[in-house]
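As structure tokens, the structure follows; a few thoughts come after it.
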Amino acid sequence: MADFAAQLSKEIDTLEKTICRMAGTTFNLNSPRQLGQILFDVMKICEAPKKTKTGQYTTDEQTLAALAPDHEIVQRLLEHRTASKLKSTYADALPAAIWPRTGRVHTTYNQVMTTTGRLNSQNPNLQNIPIRSERGQEIRKAFVPRSSEYRLLSADYSQIELRIIAALSREPGLLEAFRTGVDVHTATAAKVYGVFLELVTPEMRRKAKMVNYGIAYGISAFGLSQRLGIPRKEAVEIIQQYFTQFPGIRKYMDDTMAFAREHGYVQTVTGRRRYIRDISSSNNTVRSAAERNAINAPIQGSAADMIKIAMINIHRELTGRKLKTRMLLQVHDELVFDLHTAEEKEVLPMVEEKMKTAITLDVPLV
DNA sequence: GTAATCACG
DNA sequence: ACGTACGTGATTACA
């Protein structure tokens, strides 16, 4: 990890020099305000720069990525951002968080912080360790089993929220997809675009996948168009087509909102409540946000209920059978264990079984 | 203390 | 015309 931090340091220094040379001035690259002024006031690389609600120039990744192809300085800035983030939040912070007494990092899980029933993790947060980028994965390599007798085991639910949507809505099309085991995003694409499964292109699947995620968030045409980088009109058509093909989902969403209006809360499969104060607000924006919360909370919250029950049952087995394997981390739909190698044949099936049977739904869990 | 940004599910 | 996907935490700048 120290090597990686040093490598990042070097890279950040070089990028800083290059960027300041291109800008013709030195400034604090970590200050979004200073950066916005350099790019948009001094260099004027954009006709009509977007601003945040406080009047500053927007310099987030999405904005910079759009400008990067035409401006090398912006490309370098994005590289600088990535390197700085990895160094400050992970490469420097994690070694500093090691407890002298144990030689390990220990996070704190809170059980009563989130609105949906998820756990959260802090000091340090071990639920947002990088994985998506190649260099982010360098950080993951620092996490190792306790000794050569152990291996790390990671077990995660496959598409848990979408399966919960299928079970709660009883939508036949979605249930069918999960029961037959076809790729659910491909199946969704086939329905939305009205083609055979074999004729679904990667592009169609990508869009259908975003729709499926969007459903769990209380989809909006604007949100979908932003995520997919498509015209809002196209997003409207995709969503309309989706609800035509999966009418049970629309009914479930309508019923959930009606329940929230009547009772003032929504609930998960175990009865965990989220109160939705603004569900009848006369302000469209406020009400719409409340409606999305009402849709999302039972889905995200039921998944949280499920994995918590699994954790309890797995812990009971590990202690009851006096196993050496230890449960280390929970990352929302994933459990990580320090697996004693000799216990593999016993622990793997047990973990899988407990995760699958934590809560019984009318949809297969994988 | 707040805003902006970005890491994760 | 407005302003929007859900849930989090850490870091940095800045008032």
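Atom set for the values below is all heavy atoms of this structure, side chains included, hydrogens, waters and symmetry mates excluded. Below, read A as the first sequence line, B as the second, and so on, with proteins coming before strands; counting in each chain starts at 1.
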Which atom pairs, one a donor and one an acceptor, fall under 3.5 Å between side chains of residues 147-157 of chain A and the rest of the protein, sequence neighbours left out?
unit_1, atom_1, unit_2, atom_2, d
Ser147(A), OG, Glu149(A), N, 3.2
Arg151(A), NH1, Glu344(A), OE1, 2.7
Ser154(A), OG, Glu334(A), OE2, 2.7
Tyr157(A), OH, Met355(A), O, 2.5

message: For His185(A), give me all partners under ring pair (Phe, Tyr, Trp, His ring centres under 6.0 Å), at least two apart in sequence or on another chain.
response: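 His185(A) satisfies ring pair (Phe, Tyr, Trp, His ring centres under 6.0 Å) with no other residue.
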message: Whole angstroms only, please: what is the NZ-P distance between Lys50(A) and dA4(B)?
response: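 My rounded result for the distance is 12 Å.
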message: Heavy atoms only, 4.0 Å cut-off, all strands: where does Gln56(A) land among base, sugar-phosphate and nothing?
response: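 The answer is sugar-phosphate, as Gln56(A) gets under 4.0 Å only of primed atoms, P, OP1 or OP2.
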Listed pairs under 3.5 Å, donor-acceptor, residues 20-36 of chain A side chains, sequence neighbours left out:
unit_1, atom_1, unit_2, atom_2, d
Asn28(A), OD1, Asn30(A), N, 2.9
Ser31(A), OG, Gln34(A), N, 3.2
Gln34(A), OE1, Asn28(A), N, 3.0

- prompt: Which nucleotide in the list dT5(B), dA7(B), dT8(C) gets nearest to the side chain of Thr115(A)?
  reply: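 Of all the options, the side chain of Thr115(A) is nearest to dT8(C).
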- prompt: In the single-linkage hydrophobic clustering (I, L, V, M, F, W, Y; side-chain heavy atoms under 4.5 Å), do Leu78(A) and Leu39(A) co-cluster?
  reply: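 Per the 4.5 Å side-chain linkage, Leu78(A) and Leu39(A) are co-clustered.
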Tabulated below should be each protein N or O lying under 3.5 Å from an N or O of nucleotides 1-5 of chain C; please produce it.
unit_1, atom_1, unit_2, atom_2, d
dT4(C), O4, Arg232(A), NH1, 3.4
dA5(C), O3', Arg292(A), NE, 2.9
dA5(C), N6, Met210(A), O, 3.2

List the atom pairs, donor and acceptor, that lie under 3.5 Å between side-chain atoms in residues 229-246 of chain A and the rest of the protein, sequence neighbours left out.
unit_1, atom_1, unit_2, atom_2, d
Glu234(A), OE2, Lys207(A), NZ, 3.0
Thr244(A), OG1, Gln240(A), O, 2.8

- request: Scan residues 89-129 of chain A for pairs that pass ring pair (Phe, Tyr, Trp, His ring centres under 6.0 Å), counting only residues two or more places apart or in two chains.
  value: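 Qualifying pairs: Trp99(A)-His106(A).
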query: Can you list the residues that meet the salt bridge (Lys or Arg N to Asp or Glu O under 4.0 Å) rule with Asp278(A), with sequence neighbours excluded?
result: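 So Asp278(A) forms no salt bridge (Lys or Arg N to Asp or Glu O under 4.0 Å) with any residue.
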- prompt: How would you list, by chain and number, every residue that makes a salt bridge (Lys or Arg N to Asp or Glu O under 4.0 Å) with Glu176(A), sequence neighbours excluded?
  reply: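 Salt bridge (Lys or Arg N to Asp or Glu O under 4.0 Å) list for Glu176(A), sorted by chain: empty.
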- line: Pairing string of DNA chain C (Watson-Crick or G-U wobble, both atom distances under 3.5 Å; | = paired to other strand) is .....|||||||||.
message: Each nucleotide in nucleotides 10-15 of chain C should get exactly one letter: B, S or -. Can you fill that in based on protein heavy atoms under 4.0 Å?
response: BSSSSS
Output side-chain donor-acceptor pairs under 3.5 Å for residues 356-366 of chain A, partner residues at least two apart or in another chain, one line each.
unit_1, atom_1, unit_2, atom_2, d
Lys356(A), NZ, Glu352(A), OE2, 2.8
Thr357(A), OG1, Glu353(A), O, 2.7

query: To which residues is Ile279(A) joined in a hydrophobic cluster, defined by side-chain heavy-atom contacts under 4.5 Å among Ile, Leu, Val, Met, Phe, Trp and Tyr, whether direct or through other members?
result: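 Members other than Ile279(A) - counting any ILVMFWY side chain reachable under 4.5 Å - are Val266(A), Ile276(A).
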